[in-house]
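Numbered from 1 within each chain, the chains take letters A, B, ... in sequence-line order.
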Protein chains: 2
Amino acid sequence: MPKRNQCLTEHEQRARPVPDTGSADAAIAALAWAIAHPARVRILRILLARKACVCGELVDQMPLAQSTVSQHLKILKEAGLVQGEIDGPKVCYWVDADGLARLKEIVGGL
Amino acid sequence: MPKRNQCLTEHEQRARPVPDTGSADAAIAALAWAIAHPARVRILRILLARKACVCGELVDQMPLAQSTVSQHLKILKEAGLVQGEIDGPKVCYWVDADGLARLKEIVGGL
DNA sequence: ATACTTTATCGGTAATCAACGATTGAGGCT
DNA sequence: AGCCTCAATCGTTGATTACCGATAAAGTAT
């Protein structure tokens, strides 16, 4: 951690230009945003604890309406962190291991 | 990744109750939220590339108004990811290494 | 003291998010 | 077919966010 008055000079700053990382920034932001809500973190935790879980069970474990939970699941799915599959009248959800790994990797790589 | 129809039975589910993780969920969500915006990720990247950076330099590197960048810096500071110190008329910012480590740890621990 | 920089904060606007109830649609059951 | 269950979607509401310009505060220099 830099000490007081340890900012780089203008010359030093120019010597180390920061590369353009627009799309990468957007990617990490999107992934982070998916877990930027307690309910979505909770959903991930439940799905990790049980290997998989039916939507209705998820709803039972949360103080939220069914439609709200469904909304959060959609967000997690779109971020690639969760997958779901229709299983009879129910829908079974589980954590997309690749997606979660990608999240960890991208955050760890900061 | 579970295969089709690999949801747990009700008995299996009840046997493995998911512990209450309310505050931890909120903590990770708050931290994730701080980097859930491309501009804030960009700021982090710039601060990491240069050990430290004056606010004005940050503004120059982003297509955002000064007041907007200042807002994002405040958010990052409140999340504990960035620290700032007044240096004459300017303000020098740098990444809070502990905070960033905490973010990585908490995400990696998912 | 005055003028100039630099950055934080204020005020306002448009857009997005979170939450809910109600509805729809897709499957199973009798 | 008719009924029931389960989950996604729709429509709405209130709250929050992102962004900007303008202003204020704090420092430096003339």
Asks: Do B/W33 and B/V82 sit in the same hydrophobic cluster, where Ile, Leu, Val, Met, Phe, Trp and Tyr count as joined when their side-chain heavy atoms come under 4.5 Å apart?
Replies: no

Asks: In this structure, how many angstroms lie between the C1' atom of C/dC29 and the NZ atom of A/K90, rounded?
Replies: 14 Å

Asks: To the nearest Å, how far apart are A/M62 CE and C/dC20 P?
Replies: 11 Å

Asks: About how many Å separate NZ of B/K104 and CG of B/L100, when rounded to the nearest 0.5 Å?
Replies: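 The distance works out to 4.5 Å.
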
Asks: Does any non-hydrogen side-chain atom of A/D96 lie less than 4.5 Å from one of A/L81?
Replies: no

Asks: Are side-chain heavy atoms of A/C53 and A/W94 found at a separation under 4.5 Å?
Replies: no

Asks: Does anyone know the first and last nucleotide of DNA chain D in reach of chain A, 5' to 3', at under 4.0 angstrom to a heavy atom?
Replies: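 Going 5' to 3' along DNA chain D, contacts run D/dC6 to D/dT9.
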
Asks: Do A/Q83 and A/K77 come close enough that some side-chain heavy atom pair is under 4.5 Å?
Replies: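 Result no, sub-4.5 Å side-chain heavy-atom pair not found.
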
Asks: Report each atom pair, protein N/O against N/O of nucleotides 17-19 of chain C, whose distance is under 3.5 angstrom.
Replies:
| residue | atom | partner | partner atom | Å |
| --- | --- | --- | --- | --- |
| C/dA19 | OP2 | A/H37 | NE2 | 3.3 |
| C/dA19 | OP2 | A/H72 | NE2 | 2.8 |

Asks: Summarise protein proximity over nucleotides 22-27 of chain C in one line of letters, 5' to 3': B for base, S for sugar-phosphate only, - for none, counting protein heavy atoms closer than 4.0 Å.
Replies: B-----

Asks: Stepwise, does the side-chain contact (heavy atoms from CB on, under 4.5 Å) test hold for A/Q71 with A/S67?
Replies: CA-CA 6 Å; A/Q71 186 68 8; A/S67 58; over 6 Å; no

Asks: Is there side-chain contact between B/L64 and B/V59, with heavy atoms separated by less than 4.5 Å?
Replies: no

Asks: Measure the spacing between CD of A/Q66 and CG of A/L73 and express it to the nearest 0.5 Å.
Replies: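 Answer rounded to 0.5 Å: 9.5 Å.
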
Asks: Are any non-hydrogen side-chain atoms of A/L58 and A/R42 less than 4.5 angstrom apart?
Replies: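 No, every pair of side-chain atoms sits at 4.5 Å or beyond.
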
Asks: Rounded to the nearest 0.5 Å, what separates atom CG in B/L31 from atom CD1 in A/I35?
Replies: 9.0 Å

